[in-house]
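Atom set for the values below is all heavy atoms of this structure, side chains included, hydrogens, waters and symmetry mates excluded. Here the structure is a predicted model, which is why all the values come from computation and not from measurement. Sequence positions, counted from 1, serve as the residue numbers for this chain.
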Amino acid sequence: MVEMIIAAIVGIAFGIGGTFTYDRTRKARGKTAADQLVADAKSKAGDIVLKAKDDALKLTNEAKREESERRKDWQKTENRLAERESSLDKKLDELDVRTEKLRSQEDEVESLKDEIRAIRERQQEKLEKIAGLKKAQAAEKLLEMTERDIKEDLTGLVSKLQNDAKETAEEQAQLILVSAMERMSSEVTAERTVTALKLTDDEMKGRIIGKEGRNIQALQRATGVDVMVDDTPGMIILSSFDPLRRQVARLSLEMLMKDGRIHPGRIEEVVAKATKEIEKEVVRAGEDAAREVGVIGIPKEMLRLLGELKFRTSYGQNVLLHSTEMAHMAGLIAEEIGADVRTVKTATLLHDVGKAVTHKVEGKHHHIGAELARKYGMSDAIVHAIEAHHDDVEATTVEALVVRVCDALSAARPGARNISAENFAERMRELENVANSFPGIEKSYAISAGREVRVIVRPENIDDLSAIKLARDIANKIEGTMQYPGTIKVNVIRETRAIEFAK
């Protein structure tokens with residue numbers, strides 16, 4: 001038992017000793033590992049510090065090297081600038097020296113000029129004493145002697161040149177005119193406006209006349225055209241000296257017959273619409289004429305007046321066709337003689353534009369046309385050429401002479417004009433102008449081939465008694481200022497309308 005206890009004690013002692021020994025051994029090993037880690041860390045830190053020092057040293061050396069190179073560049077730049085400055089200073093010094101030399105030379109030249117002038121004056125005085133003549137007298141004598149010697153030769157030469165110029169000019173002018181007329185081909189007679197319409201049937205004739213003739217009266221009053229339905233079977237004759245009104249009446253009747261509704265109110269609407277359509281046609285005609293002859297830049301107002309010439313005639317000749325024909329010929333002649341082609345073409349195209357307003361403005365058509373061209377900003381050359389195409393104004397430019405020549409060429413060709421028709425139209429216009437000269441007149445129309453003048457007055461300005469007196473005054477003025485066959489009826493119309501709308 002004791003042995004077992006002793007053995008147990010010995011076993012416990014050995015166990016405690018082994019455990020103690022194991023613990024010491026383990027602690028010794030741990031310390032050794034920690035020391036090793038510390039040593040490794042110190043070694044790595046030293047390497048990093050060394051590397052950082054090396055990098056810093058390299059950067060410092062690089063910066064010093066760059067600074068050194070920059071200093072060298074700056075030094076070179078400073079040296080170059082110093083050299084240039086020195087060179088400029090030298091050049092300025094040289095310029096100063098040359099300037100001084102030039103000044104001294106100029107002084108020498110001026111003194112030499114003075115000496116030469118003095119020498120020439122002394123020589124001239126000596127020559128005048130020897131010749132007994134002054135300089136001006138000697139020059140005059142020399143000219144007289146020269147003129148006397150060559151006068152006969154000069155006279156013969158001038159005479160020969162004048163004769164040659166006359167012969168050549170006449171031949172050249174004939175050649176140019178003939179060439180222009182040959183190249184410009186047109187009809188002998190111009191187309192005239194339509195004055196008759198065909199009726200579809202007798203019923204339509206009755207509808208146009210209306211109850212107690214009120215439809216036809218309304219149409220005549222609205223258009224200023226004399227409408228005759230009984231003179232020619234199956235036809236309506238439109239009688240008016242003014243082709244523009246006749247066109248409005250023709251278009252109005254066509255629209256009324258096509259629509260079928262014919263009464264005074266409808267007639268007024270259709271006439272207003274037809275008037276607008278004719279206005280558009282007038283504008284198109286002016287633009288087409290300008291485009292045909294190749295003229296641009298004409299004001300719109302002048303183009304409208306030009307288009308109105310499509311419905312007007314001069315001695316039976318259509319004025320717009322006459323103007324375009326002239327413009328073509330004028331362009332050909334202007335090219336041959338070296339005149340301004342654009343000015344010539346524009347002036348010839350617009351030369352008769354005053355005829356579009358002669359029934360509204362007093363004066364000759366070429367003076368009116370020139371005033372219109374001046375008003376709308378046309379050039380002075382064009383204005384003068386328009387105004388001088390007749391003989392009462394002298395043509396002072398080549399372009400104006402060309403316009404005058406072409407006007408004669410176009411008007412004088414066979415069959416171009418009919419004087420009797422023009423006289424008739426002129427008398428009709430004069431009748432209306434006489435009526436319009438009185439105050440209070442709204443519209444006036446010469447109808448029935450000039451045997452009647454129909455005057456529409458403003459009812460607010462003219463009462464019934466004044467209307468009777470106005471008719472007598474107009475008749476007296478016609479008797480005193482016009483010559484005409486037979487009698488002329490003066491018809492003064494005073495009409496008051498009251499219009500209201502039911503809404």
Side-chain angles (χ1 to χ4, degrees), residues 192-282 311 359 428 431-432 435-436 441-460 462 464 467-468 470-471 474 488-502:
R192 309 195 74 168
T193 53
V194 177
T195 57
L197 284 175
K198 185 176 181 180
L199 286 170
T200 55
D201 50 39
D202 290 338
E203 181 185 356
M204 182 59 67
K205 175 182 177 181
R207 295 170 67 183
I208 290 174
I209 296 173
K211 186 178 180 181
E212 298 179 356
R214 62 180 182 178
N215 288 345
I216 198 170
Q217 290 175 7
L219 182 62
Q220 290 177 343
R221 184 168 56 250
T223 60
V225 173
D226 194 13
V227 183
M228 294 172 285
V229 295
D230 295 328
D231 292 357
T232 305
M235 301 291 291
I236 298 177
I237 305 300
L238 305 176
S239 175
S240 175
F241 78 97
D242 190 334
L244 199 61
R245 294 181 197 163
R246 202 159 59 236
Q247 287 294 320
V248 172
R250 177 190 61 79
L251 184 58
S252 300
L253 275 173
E254 289 177 351
M255 295 169 67
L256 286 169
M257 288 190 293
K258 184 177 181 180
D259 182 55
R261 295 175 294 166
I262 305 176
H263 53 82
R266 178 61 178 165
I267 288 172
E268 291 183 0
E269 294 177 4
V270 171
V271 169
K273 185 176 180 181
T275 302
K276 292 181 180 179
E277 291 295 327
I278 294 299
E279 286 290 329
K280 292 180 182 178
E281 187 175 352
V282 164
F311 304 106
H359 59 295
M428 298 288 279
L431 267 176
E432 289 190 353
N436 289 331
I441 307 297
E442 183 177 0
K443 298 176 184 177
S444 63
Y445 304 115
I447 60 175
S448 299
R451 292 188 297 272
E452 179 182 352
V453 56
R454 186 167 297 171
V455 181
I456 301 174
V457 300
R458 300 186 186 93
E460 65 271 16
I462 305 293
D464 291 339
I468 297 173
L470 179 63
I474 293 175
I488 296 176
K489 177 183 177 182
V490 178
N491 188 1
V492 176
I493 301 173
R494 180 178 182 269
E495 184 181 42
T496 302
R497 297 189 184 187
I499 301 174
E500 191 53 63
F501 297 94

All side chain to side chain donor-acceptor pair (under 3.5 Å) counterparts of Ser444, not counting sequence neighbours | Asn436

Salt bridge present between Glu281 and Arg250 (N-O < 4.0 angstrom) | no

Salt bridge (charged side-chain N to carboxylate O under 4.0 Å, His left out) partners for Glu277, two or more places apart | none

Under the salt bridge (charged side-chain N to carboxylate O under 4.0 Å, His left out) rule, collect the residues that match up with Glu442, sequence neighbours excluded.
-> none

For Gln217, enumerate each residue passing the side chain to side chain donor-acceptor pair (under 3.5 Å) test, keeping only those at least two apart in sequence or located in another chain.
-> none

In chain order, what residues pass the side chain to side chain contact (heavy atoms under 4.5 Å, CB included) check against Ala467, with sequence neighbours excluded?
-> Ile462, Val492

Interatomic spacing from CD in Glu452 to CD1 in Ile488 - rounded to 0.5 Å | 10.5 Å

Mind checking the CD1-CG spacing from Ile447 to Leu238? Nearest 0.5 Å is all I need.
-> 12.5 Å

Heavy atoms of Glu432 and Tyr445 approach each other most closely as OE2-CA, 3.2 Å

Return the set of residues passing side chain to side chain contact (heavy atoms under 4.5 Å, CB included) with Ile216 (not counting sequence neighbours), or none when no residue passes.
-> Gln220, Val227, Val229

Rounded distance [0.5 Å steps], CD1 in Ile236 versus CD in Glu254 | 10.0 Å

For Asp259, what residues pass the side chain to side chain contact (heavy atoms under 4.5 Å, CB included) criterion, not counting sequence neighbours?
-> Arg261, Arg266

Give the minimum heavy-atom separation between Ile208 and Asn215, together with the two atoms involved.
-> O-CB, 3.0 Å

Arg458 side, atom CZ; Ile441 side, atom CD1 - distance, nearest 0.5 Å = 8.0 Å

Under the side chain to side chain contact (heavy atoms under 4.5 Å, CB included) rule, collect the residues that match up with Glu268, sequence neighbours excluded.
-> Arg497

